[in-house]
Amino acid sequence: MPVRLLLLCAVILCALSMGLRQSFGLFLAPMTAAQGWTASAFALAIAVQVLLNGVSQPMCGNVADRIGGQRVLIGGWLLYAGGLLVMALASSLAVFFLGAGLVMGVAVSAAGFPIVMASLSRLLPQDWRARATGLATAGSSFGQFSVVPLVQLGIDAFGWQGALFAMAATAIAVIPLALPLADRPAPPTEGRPVGASVALKEALSTGYFWCLFWGFFVCGVHVSFLTVHIPGFVASCGLHPSWGATSISLIGLFNIAGSLLSGELTGKWRRRELLMLIYAGRAVVMTVFFVGPKTELTLMLFSAAMGVLWLSTVPPTVALVARRFGTQWLATIFGLVFLGHQIGGFSGAWLGGVIWDRTGSYDLMWIIAILAGAFAAAVHIPVRDPLVPVAARAA
């Protein structure tokens with residue numbers, strides 16, 4: 001399989017998976033108005049999706065490690081379409097929770113970029129891995145940039161229900177792109193243990209793993225808070241609601257460059273320092289925006305700056321996991337790290353809705369997000385990037 005074709009399919013899959021998923025915040029206002037639901041109820045359903053995504057990610061990753069990523073991706077996109085259809089047809093909160101929370105929670109795990117990137121890591125030579133991870137992450141950002149505005153146009157033209165039907169049809173149409181990602185389970189090389197249980201036990205017993213876990217937790221808080229609540233925050237500042245979609249789109253656009261740069265730096269620079277710089281940069285950017293005036297210009301500048309730092313955490317985090325724990329169970333162990341991201345995502349999405357409902361303001365949530373960024377920068381201080389895996393040295 002030509003490397004360029006493989007990367008193209010991977011990038012498109014990541015773009016659509018992220019773009020469709022990140023558009024859910026656009027449905028908050030029209031669906032709650034039409035159905036009579038509260039913002040916190042809608043946000044809780046999306047938060048459940050994010051949390052279940054994290055819980056099911058190691059399971060989907062383990063299946064992909066055992067049978068290859070291609071079959072998992074195909075099943076994931078079928079679930080993706082089914083979850084969107086349930087959301088479109090939901091007439092009660094219980095049904096909406098089923099589609100948006102439970103079905104979509106598993107779907108985004110099976111169809112998401114952790115499975116794609118683990119497959120690429122097995123299909124490509126080692127000197128391509130960091131760059132490929134950067135490209136796949138940039139593809140996710142391009143999807144956020146390009147798909148979110150299209151979904152907003154679909155809502156404006158056909159209503160929220162019609163837009164969800166169109167998204168379900170798109171999920172079915174992209175399944176053939178998963179076919180080239182026909183990776184095989186990695187052999188027990190790099191000195192890694194053969195059994196998944198041994199690998200997981202080793203990972204969970206190291207402080208190295210937990211530093212990455214809690215750093216990704218903060219990343220999830222930031223991502224879910226902004227994607228779910230930035231449209232509502234923009235409206236609360238007196239700006240037109242369309243600026244919410246514009247903000248999410250700009251974040252995706254600028255993270256294309258940020259992810260590519262992060263992928264290149266991951267292969268050339270110390271990954272710990274790179275992660276610390278990214279998280280500290282987020283805290284600074286959010287602080288400046290929080291205390292400054294809320295205008296179209298400042299929103300665009302904030303979105304651009306956050307975009308550069310958005311998913312730039314992924315390439316160095318994946319590289320640190322692969323370097324320390326090997327690639328045989330990469331999807332499984334990175335899936336556990338990603339669980340931290342999604343627990344944080346649950347917290348950011350749900351807590352943002354609760355704070356808004358109780359205070360009529362997002363100010364407290366901005367303060368929490370800023371402090372979390374400073375914490376994430378500090379928590380990576382103990383991380384080391386050894387030249388060879390620890391178990392390999394022991395062997």
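D156 meets the side chain to side chain contact (heavy atoms under 4.5 Å, CB included) test with Q152; sequence neighbours excluded. Applying the side chain to side chain donor-acceptor pair (under 3.5 Å) criterion to S259, with sequence neighbours excluded, gives N255. Every residue meeting the side chain to side chain donor-acceptor pair (under 3.5 Å) condition with S119, not counting sequence neighbours, appears here in chain and number order: D183. Under the side chain to side chain contact (heavy atoms under 4.5 Å, CB included) criterion, L371 pairs with I367, not counting sequence neighbours. With sequence neighbours left out, E273 forms a side chain to side chain donor-acceptor pair (under 3.5 Å) with R270.
For the pair I355 and M365, the minimum side-chain heavy-atom distance is below 4.5 Å. In this structure, the side chains of V48 and F97 come closer than 4.5 Å at one or more pairs of heavy atoms. Residues N53 and R21 meet the side-chain proximity criterion, which asks for heavy atoms closer than 4.5 Å. At a threshold of 4.5 Å between non-hydrogen side-chain atoms, the residues M104 and L84 count as touching. Residues Y80 and V103 are not in side-chain contact: their nearest non-hydrogen atoms beyond the backbone lie 4.5 Å or more apart. Inter-residue side-chain proximity for F24 and M167 is flagged as met; some heavy-atom pair is nearer than 4.5 Å. Under the 4.5 Å side-chain criterion, counting only non-hydrogen atoms from C-beta, R271 is not in contact with V383. A 4.5 Å side-chain heavy-atom check between L179 and I74 finds at least one atom pair inside the cut-off.
A cation-pi arrangement, defined by a distance under 6.0 Å to the six-membered ring centre and an angle within 45 degrees of its axis, is present between K294 and F289.
Closest approach of L212 and V337 over heavy atoms only: O-CG1, 3.9 Å. Contact record, V147 with A15: CG2-O, 4.4 Å, taken as the closest heavy-atom pair. Taking all atoms of both residues into account, the shortest heavy-atom contact from V148 to G19 is CG2-O, 3.9 Å. When every heavy atom of G244 is checked against every heavy atom of I230, the shortest pair comes out as O-CG2, 3.9 Å.
If you check the side chains of S40 and T38, you find a donor sitting under 3.5 Å from an acceptor. Using a 3.5 Å distance cut-off with no hydrogens or angles, the side chains of H229 and Y362 do pair a donor with an acceptor.
Cluster membership check: L299 does not share its hydrophobic cluster with V288, using side-chain heavy-atom separations under 4.5 Å among Ile, Leu, Val, Met, Phe, Trp and Tyr.
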*asked:* Does S262 form a side chain to side chain donor-acceptor pair (under 3.5 Å) with S312? I'd like the steps, not just the answer.
replied: CA-CA 5 Å; S262 178; S312 302; 4.9 Å; no
_side chain to side chain contact (heavy atoms under 4.5 Å, CB included) between W77 and I172, worked out_ = CA-CA 7 Å; W77 280 106; I172 294 294; over 6 Å; no
*asked:* Under the criterion side chain to side chain contact (heavy atoms under 4.5 Å, CB included), I'd like the reasoning laid out for F338 against S109: C-alpha separation, chi angles, the key distance, then a yes or no.
replied: CA-CA 10 Å; F338 191 76; S109 293; 5.7 Å; no
*asked:* As a quick check of understanding, evaluate side chain to side chain contact (heavy atoms under 4.5 Å, CB included) for V108 and L20, giving each step before the final call.
replied: CA-CA 10 Å; V108 294; L20 294 176; over 6 Å; no
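The aromatic ring centres of F225 and W366 sit less than 6.0 Å apart. With ring centers used as reference points, F254 lies 6.0 Å or more from W310. Note: F42 and F96 meet the aromatic proximity criterion, with ring centroids under 6.0 Å apart.
Grouping Ile, Leu, Val, Met, Phe, Trp and Tyr residues whose side-chain heavy atoms lie under 4.5 Å apart, directly or via other members, places I381 in a hydrophobic cluster with M276.
Using a 30° and 60° split on the angle between ring planes, W350 and F346 fall in the parallel class, below 30°.
The environment of F213 atom CZ is dense: over 12 non-hydrogen atoms of other residues, nucleotides or ligands sit within 6.0 angstrom.
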